[in-house]
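Written out below as structure tokens is the structure these notes cover.
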Amino acid sequence: MDMKEIEKKWQARWEKAKFNRFNEKSDKPKCYVLEMFSYPSGAKLHIGHWYNYGPTDSYARFKRMQGYNVFQPIGFDAFGLPAENYAIKTGIHPKDSTEKNIATMEQQLRAMGAMFDWSAEIKTCDESYYKWTQWMFLQLYKRGLAYRKEAPVNWCPSCQTVLANEQVVDGRCERCSTQVVRKHLTQWFFKITEYAEELLNGLDDLDWPEKTKAMQRNWIGKSVGCEVEFECETGDKIRVFTTRCDTIYGVTYVVLAPEHPLVAKITTPGQQQAVGDYIVETSKINEIERLSTTREKTGVFTGAYCTNPVNGKRVPIYIADYVLATYGTGAVMAVPAHDERDFAFATKYGLPIVKVIERQGGQTELPFTEDGIVVNSLNFDGLVGEEARSEIANYLAKLGKGGKKVNYRLRDWLVSRQRYWGAPIPVIHCPVCGAVPVPEKDLPVRLPYDVEFHPDGKSPLAKHEKFMHAVCPKCGGEAQRDPDTLDTFVCSSWYYLRYADAHNDKLPFSREAVDRLLPVDTYVGGAEHACMHLLYARFFTKALRDMGYLDFDEPFRRLVHQGVILGPDGNRMSKSHGNIVSPDEYVQEYGSDAFRLYLMFGFSYTEGGPWSDDGIKAIAKFLDRVEKLILKICQYPEEEGAAFGSEEKQLNYARNYAIQRVSHDLEAFSFNTAVARLMELVNAINKYDALDRRNIPLLKATAKDLLLLLAPFAPHFCEELWQQTGGKGFVFEQSYPKEDAAALVLDESEYAVQVNSKIVCRAMFANGSSREEIQARALSLAEVQARVNGSPVKKCIVVPGRLVNLIV
RNA sequence: GCCGCCGUGGUGAAACCGGCAGACACGCAGGACUUAGAAUCCUGUACCGAAAGGCGUAUCGGUUCGAAUCCGAUCGGCGGCACCA
């Protein structure tokens, strides 16, 4: 077949028939299959795109043939830094380069032949989209979920913008790997922490990879403990968070983070110099060093003291940078006997170490950080672990000095970016009224085209006078726009909702549209989004639900991560490794169907692995064999009343076995085994076809099923064969074959015959035989008798259809 | 350090709930057809052994009639979190 021609032919016909569109009028059950949309980088699709979109499209086509009304939209995550950096380098405007890239990618995606519903296409950089991204911001603001505050934030000196916590990997920028630095800035945040508990609990019921759920749990980082108030001699109260309040009688000092607001207030005049020096010193140390566990602990005494609420003991207050300002309360109670960090610190600075926990039934070596028996703790002595913590927490609550408290590692999501190519934050800063949201009727706040790109740490918009100039919506006075844009992850946090109603100009989506299509049934994309996009999108869904715009809690019922196709050398494909493999030459040579089929067959979908084209020829050959076989069988004259003997039964078994397995494997995204089962069926048909006497109707029916089974894997190829063999309409209008359970029951099966769990031979046994019959027949076999040697059978284990084991 | 996942032929990989390890392919070897073969078809292919047979799923041990699969320890790899109190 001339695949190039055939691809074009069928793509044009599908297009003309609007065949790939979601059918609004159908009463079939809906199935929303979604691949993560792409950033329009470079120009061409790379293997990763193919690997994500090809097999998933096969899944979508399979669901369609199974009778679902499938919705498979596509679009572009079009805002973002690369386009802007490219503009700084080349002078080509981000809008122009992005639009050009999108045009190329659209063309390539169409050429792939996936069943995308292009009528719902979205581009996040279009006004018609980002207007609603801004609208989302305003709703969150109204709900108190968007707020502005000054805080220490992560700044990427290379990208010249702040980053969210999730975008800092090992102290480096997720995008460009530059070391981030800490800055104090006033920025916009989304209050994702308000949903911490629900985001955590919701994971339990999701059909997601366990690993991804574990990563989100880890990221949310719930820890259950206790908050305790230590009163200073100045009257100030220091609140500390601890998970080990059973050790509270062992507190010998309290430590504040150097940034803690009370530091300045409580430091005694004598210690001011030392404390000031220490703060300056630690602020110079970058985040990476500061977070290193191996670094020696340092700190300095403030000169102040506070009181342990449970025993009235006076303990010194230190500052040390091993206490983080951003976690818990930014202060800890130090129990050197039962915490390794406190132990190291106390040893270094000669602070007392008081043992209050003992190992149950053993020697207690300090620091002892496990649970144990409470000692030296007045009336709590003798309690153990959780019981002790609970009792002490209750006691603290009774004293009015604290109580049980849950802490999360998750921080609020910083969404401001000091960059141009994003959705402008719809806020006006008025000298009188402060930060005022732009009224919804004034949306969108348009991104001006004529800007200059000078990476200087400020948004290019800040220098655009016309853009910046605004009138305060509240008082009508002179005001300034917020010069920052929204993190692109804000755009991608709701795009799956927009697809459902992509052309709505009154609302981001109508309730009716999302009710009909959402949630997404199967979402497919890379695992690298585990703690970013996938967490943010869940947050958006829950927030929108609480605002009454949605009626469901979770956007993605089922999640599948495709693996990563690495370069042939086993490294990630990259320009710097010089190991990028382009799909184009393969597609050119073998066609898009063969290429996607190879991707499905050659890799375990969720694993991926190093690229190798070993076997791509075999796939092309396989398609050739199918073509020859089907065209040949199709020409056989009809013959009625042909015999149905054991050969026919075998062929029919192979046919129905393939139907059963292929359907099962496709549902499980186990494409490699599904293709293997198809190859087995082809082998079985070939074998049968080589016989002298054949049952032609059966052979034809089997060949037809093969074609239908293969259709989702090789859509153009099968569409063409369907037509050539006289099929009416599109092959994808046919139902996917369903297995005949009766054909899967064989008269007899081959059993492995074991004596004392060792395989002795194989033999055929009639199915439905009783255990006694099987035992008797097994015993009668010559190989078995040689082993048994007349010994009595003590036990006989039968696994129906598989194995019989005689224990003698 | 903590959490999670993984380790199977020369290669990519299979194996549902504990039941014939290596499906399906690639590669390789041999053969057929052929002027020719990089085409097509057939046969073989975990390893050791000529064979009978033995042995085998990172290593060691355990549970079981039976373990790639379950349990414990060790080694190796990957991913996440990490001075988180």
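Here is how names work: the chains are called A, B, and so on, in the same order as the sequence lines, proteins then strands, and each is numbered from 1.
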Sugar-phosphate, base or nothing in reach of [X], heavy atoms under 4.0 Å:
X	result
Asn407(A)	nothing
Glu210(A)	nothing
Asp339(A)	nothing
Ile759(A)	sugar-phosphate
Ala214(A)	nothing
Gly608(A)	sugar-phosphate
Asn805(A)	base
Gly602(A)	sugar-phosphate
Glu607(A)	nothing
Phe601(A)	base

Given [N], is OP1 or OP2 found less than 4.0 Å from the side-chain N or O atoms of [X]?
X	N	value
Asn683(A)	A23(B)	no
Arg661(A)	C24(B)	no
Asn672(A)	A14(B)	yes
Lys621(A)	U40(B)	yes
Tyr327(A)	A85(B)	yes
Thr326(A)	C84(B)	no
Ser612(A)	C26(B)	no

Pairwise C1' distance, A73(B) and C24(B) [rounded to whole Å]: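 That atom pair is separated by 37 Å.
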Euclidean distance for P, C83(B) against C6(B) (whole angstrom):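 The same atom, P, in both gives a distance of 28 Å.
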Heavy-atom donor-acceptor pair, [X] side-chain to [N] base, under 3.5 Å:
X	N	answer
Arg677(A)	A23(B)	yes
Asn756(A)	C65(B)	no
Lys795(A)	C65(B)	no

Conformer about C1'-N of C17(B) - syn within 90° of 0, anti elsewhere: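 Syn, since the glycosidic angle lies within 90° of 0.
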Conformer about C1'-N of G9(B) - syn within 90° of 0, anti elsewhere: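 For G9(B), whose glycosidic angle is within 90° of 0, the conformation is syn.
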Donor-acceptor contact present, side-chain Thr329(A) to main-chain Arg239(A), <3.5 Å: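 Side chain of Thr329(A) to backbone of Arg239(A), a donor-acceptor pair under 3.5 Å: yes, one is there.
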Sub-6.0 Å ring centroid separation between Phe301(A) and Tyr253(A):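 Aromatic pair excluded; centres sit 6.0 Å or further apart.
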Centroid-centroid distance, Phe713(A) to Phe671(A), less than 6.0 Å: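 Here the rings of Phe671(A) and Phe713(A) have centres that are no less than 6.0 Å from each other.
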Stem list, RNA chain B (Watson-Crick or G-U pairing under 3.5 Å, at least 3 consecutive pairs):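 Paired runs of 3+ in RNA chain B: B:1-7 with B:75-81, B:10-12 with B:24-26, B:27-32 with B:40-45, B:58-62 with B:70-74.
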Upstream residue (5' side of RNA chain B) when Cys531(A) and Met679(A) are each assigned their closest nucleotide: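 The answer here is Met679(A).
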Cation-pi check, Arg777(A) onto Phe765(A) ring (under 6.0 Å, within 45° of axis):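 Yes.
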Criterion salt bridge (Lys or Arg N to Asp or Glu O under 4.0 Å) against Glu227(A), the qualifying member of Lys404(A), Lys401(A), Lys405(A):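 The single option meeting the salt bridge (Lys or Arg N to Asp or Glu O under 4.0 Å) with Glu227(A) is Lys405(A).
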Ionic contact status for Lys213(A) with Asp205(A), cut-off 4.0 Å: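 So Asp205(A) does not pair with Lys213(A) through a salt bridge.
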Under-4.0 Å salt bridge between Lys297(A) and Asp342(A):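 No.
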Side-chain H-bond candidate by donor/acceptor type, Thr606(A) with His561(A), under 3.5 Å: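 No, His561(A) and Thr606(A) have no side-chain donor paired with an acceptor closer than 3.5 Å.
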Candidate list Val808(A), Ile774(A), Leu806(A), test side-chain contact (heavy atoms from CB on, under 4.5 Å), partner Cys796(A), passing option: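 Among Val808(A), Ile774(A), Leu806(A), the one meeting side-chain contact (heavy atoms from CB on, under 4.5 Å) with Cys796(A) is Leu806(A).
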